[in-house]
Structures are given as C-alpha cells and as structure tokens.
Number of protein chains: 2
Amino acid sequence: MPPDPLPGSPDDPPEDGLGLRETKKRQTRIAMHRAAVELVAEHGFTQVTVEMIARKAGVSTRTFFNHWVTKDAAVLGVVPGEAVQLSQQLRAQLEVASPRDALRAVLRDVLAGIPADPELRELKKLVMTKEPHLHTISSGNLIEVQSELVEVLSEGMLDEGMEPEDARLCAAIVVQVGFALTRSAFGLSMTRGLDLPSAYDRVLELYDGGLREV
Amino acid sequence: MPPDPLPGSPDDPPEDGLGLRETKKRQTRIAMHRAAVELVAEHGFTQVTVEMIARKAGVSTRTFFNHWVTKDAAVLGVVPGEAVQLSQQLRAQLEVASPRDALRAVLRDVLAGIPADPELRELKKLVMTKEPHLHTISSGNLIEVQSELVEVLSEGMLDEGMEPEDARLCAAIVVQVGFALTRSAFGLSMTRGLDLPSAYDRVLELYDGGLREV
DNA sequence: TGCACTATTTCAGCGAGTGCAATTTCTGTG
DNA sequence: CACAGAAATTGCACTCGCTGAAATAGTGCA
C-alpha cells in the first residue's frame, strides 16, 4: 500500500495504485463514514437521519445506500462483499494451522485491516458507549460471513475424520466463540484507546489463560 | 371480535392463575407469533408484511407493535422486559456458583422457559435455515440484556478481588462466549429436532471437552 | 474526439415503526 | 349490579429507512 490514502493531502498527487475513479469512490465513502460517526457522536443514533449524513458528506441519500447496506453499516464502517474473500483466506490458513488458530488468524487480519485513525476511534468510542445496539457489529452481512466460515471449517473438520454430524456443530461453535471474542476485542478497543489487533491479543490472552474455567 | 383465535381449547375452563385479561393477552400474543412463523415459513421473511401477520392473527397492526418491539421479535417470539429479571437471577446464582456456571444456569433457565411446541419448532427450523439473518436472535433488546449481565458479573468479579480494569473485560468475555454458546444451541435445536435445553447441554459438553483446543 | 462504462442523482413508492387521542374491554369496589 | 379507573385495542397521520427504475453526468480508453 502506498503511503497516503488519508485526508492529509490537499490536492491530488496523481497516482497511488488504483484508478482515479476508485480513489474518488473511496474518498466519498470515507467522507460518509466520518460524517456518520461525527453526527451520531454529537446527536445520538436515532436523532441522526440518513439525509443529514448524506448532506454533510455532499451526496444524495440514494448514493448513500449505494455504498452502505444500512445506516448502522455506515457508522461502523462495514463494507460489504468480504464474505468470499474471508472464506478463501480461511481455507488457506487451514492448510497450516488448526481450525481454531486458522480462524483466529483470519479474524486478526480483518481487525488489522481496519484503519486506525485515532481521532475517528475516539469518536467511535463515544458512539459505541452511547449506542449499545451497535455492538451487534452489523447484524446484516456479518451473519453471511459467519455461515460462510462455518461451511469452510466443517469441511476441514470432516477431512480430519470427524463425524459429519458433529463437524458442523463444532464448526459452528468455534466460529461463534471466535466472533464472540472478536466482539469483546471491539469493545475493549473502544473503552480503552487500544488499537484493534492489540485488543484482540489481550482478549485471547485472557481467554486462553484460565478464563474459561472462571 | 371473539370468534376463535385458538385451536386447542374450545371454551374457557375459567381459572388458571392469572386474570382473564392476562390470559387473553397471552393468547393473542401466541396467535401473532404463530401467524408470523407460519407466514414467513411459507413466503419468506421479506415477502411477509406486518399487516399480513396482524390480519391473520386478527388484530390491528398497531396492536402488533404494542406486543412486539420489531417484526423479527415476533417471528422469534422474543418478549421484551426480561433484562431486569435475568440480572436478578444472575445475582442470586452468583451466591452459589462461579461466574461462568452462574451465567450458564441463568441462560439454561431461559432456554427451558421457551415452550417447546414441536410443530412450531418444525416451522421455525424451516424459517431459520431460509432466513439466516434471524440468527442474530434479535439484535435489539438482546444487547440490553447482555450489558446488564456484564454489569452484574463484573461486580461479582470485583468482590473476588479482581482488578477493576480486568473485571469488566473478563465479564464481557464470559458473557459474549456464554451467548455464543447459546446461539449455537439455538442453531442445533433448529437443524436437528432437539429441544433447547438438551441442545444447550450438548453444546456445553462439546465445548468443555477439548473443543477449545481444536 | 467519440464511445462504453459506471457512479450519481432524481423520483416515486413501500413498509416498518411511533405518538396521540378516541374507544372498547376488563377488574376491583361499594 | 353499577360504576369508576386501569389497561388493551384501534385508527390516523406521520417520519424515516430503504429500493427500483430511469435519466444524467463524469471517466477511462481507443
């Protein structure tokens, strides 16, 4: 990744890697995201309408929904269409690691991929504590991702000689727990000022060290 | 209009314990729930409007929303206002059990409290597999319950001499994982024809036996 | 420069969910 | 039994999230 995809640059140093079109798209997406977070931080989730966000970002409400599946998604910054990509990564990881660790590696990558703008995080922290319902981390497409991963995992478990009935259930449990830990990491990252991967590591550390038995 | 919303009981054997008012309320609630599940099973979640459900249950759409927080809630049969009650139960359990087991006991009670009409469950099974987004088990008020329980748990952990910073995080993790396992149990109960408590026990069994290390 | 492609916009509309005020239905009391 | 008060149900009007379709504008490429 080239050094600077961020608001620092006033005019356009022409090239970064992907077309001008794509960068512009990114910019407006980021603009909407920022607008959403800022407005929600100030007025509260329900008080903010999509129209406000769109106006503040300088787009129509329709383009808002062209970029984000839902209002929550915009606030959380969740971009759609990651499911397939993730399941491929998971398949790759399964070659070299146990199901649990493979899943962890993938999830950790996801967290690491989320840009860590400290100012934005500060705002998000505010938002998340005031709007607990956002902790679902996007009901919508997350489920899709989950079932995708369960699919891949149970395949892997079958190959290791597990009984087909159990494989699916075990896969489901592992994924559910994996996501639960990820959510905890999210929460931690919000309440303290931690970056996501560190928070994730901390959670795993606590979980693996005896916490299960508490 | 009192024609006949209920198949089971032709007339009213007068007393059961709570007032006539309350029983009627229950009846209509169940009627709505059934209607919701049946319609969604047949036509799919998005194709079914609240108006359809309400009409089929013989009520106005307005009363529908007097009973259910949301359309999902009606399909899942999630009744609001359980948060306080649960946290009290949890507090009681904490007197006699470890945080983890206390939480498990409470959650198991919740599952056991959900009536196990086999016909309804069969329908739900259909619905859940066709509408994966419902697996969130109600984004809305569930979160409220969660944070309530986290609160109680972290208090308990403080009393046991944990450091305040860790207490909250650990509580959050325990609750998240606890709910994750519950969700798995839900899934299991749907895909096989299991009743909820059995499914829950099975999940715990698998989880506690080495699954964590997989 | 011109053509194909795609992001954006406008517009019209559906359906979920809410507040309010009117009305009906139960319950406890004298 | 009658009656007052509580609670449940309802109709109505309204806001807002979200979508489809078609028109328009902006970009990348030959």
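If you're wondering where the values come from, they're calculated on a predicted model, not measured in any experiment. Throughout, a chain's letter reflects where its sequence line sits, starting with A, and its residues are numbered from 1. Heavy atoms only: backbone and side chains are in, while hydrogens, waters and symmetry mates are out.
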TODO: Could you walk me through whether A:Arg202 and B:Asp166 pass the salt bridge (Lys or Arg N to Asp or Glu O under 4.0 Å) test, one step at a time?
DONE: CA-CA 10 Å; A:Arg202 176 87 181 108; B:Asp166 285 347; 3.1 Å; yes
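The side chain of B:Asn66 has D:dT9 as its nearest neighbour among C:dT18, D:dT9, D:dA8.
Listed here is the closest heavy atom pair of B:Leu76 and B:Lys124: O-NZ, 3.4 Å. Of all heavy-atom pairs spanning B:Phe64 and B:Ala74, the tightest one is CZ-CB, 3.4 Å.
Spacing between atom CZ of A:Phe65 and atom C1' of C:dC11 amounts to 16 Å, rounded to whole angstrom units. Between the CD atom of B:Gln47 and the P atom of D:dT19 there is a distance of 14 Å, given to the nearest Å. The separation between A:Trp68 atom CH2 and C:dA7 atom C1' is 16 Å, rounded to whole Å. When rounded to the nearest whole Å, the span between NZ of B:Lys25 and P of D:dT9 equals 7 Å. In this entry the distance linking CZ of A:Phe45 with C1' of C:dG17 reads 14 Å, nearest Å. Here the P atom of nucleotide C:dG17 and the NZ atom of A:Lys71 are 13 Å apart, to the nearest Å. Counting to the nearest Å, the P atom of D:dA8 and the CZ atom of B:Arg26 are 13 Å from each other. Computed from coordinates, the A:Phe64 CZ to C:dT8 P distance equals 13 Å when rounded to whole Å.
B:Glu119 has a carboxylate O that lies under 4.0 Å from a charged side-chain N of B:Arg34, or vice versa, which qualifies the two as a salt bridge.
For residues 36-49 of chain B, the side chain to side chain donor-acceptor pair (under 3.5 Å) pairs, not counting sequence neighbours, are B:Glu38-B:Lys56.
Of the residues in residues 50-63 of chain A, those with a non-hydrogen atom less than 4.0 angstrom from any atom of DNA chain D are A:Val50, A:Arg62.
Residues B:Ser198 and B:Asp195 have side chains that bring a donor and an acceptor to within less than 3.5 angstrom of each other.
Listed pair A:His67 / C:dA7 fails the phosphate criterion, with no side-chain N or O lying under 4.0 Å from OP1 or OP2. At C:dG17, one or more side-chain N or O atoms of B:Thr70 fall inside 4.0 Å of OP1 or OP2 (strictly under the cut-off). Applying the 4.0 Å criterion to OP1 and OP2 of C:dC26, one finds that B:Lys24 has a side-chain N or O inside that range.
With sequence neighbours excluded, the residues forming a salt bridge (Lys or Arg N to Asp or Glu O under 4.0 Å) with B:Arg55 are B:Glu51, listed by chain and number.
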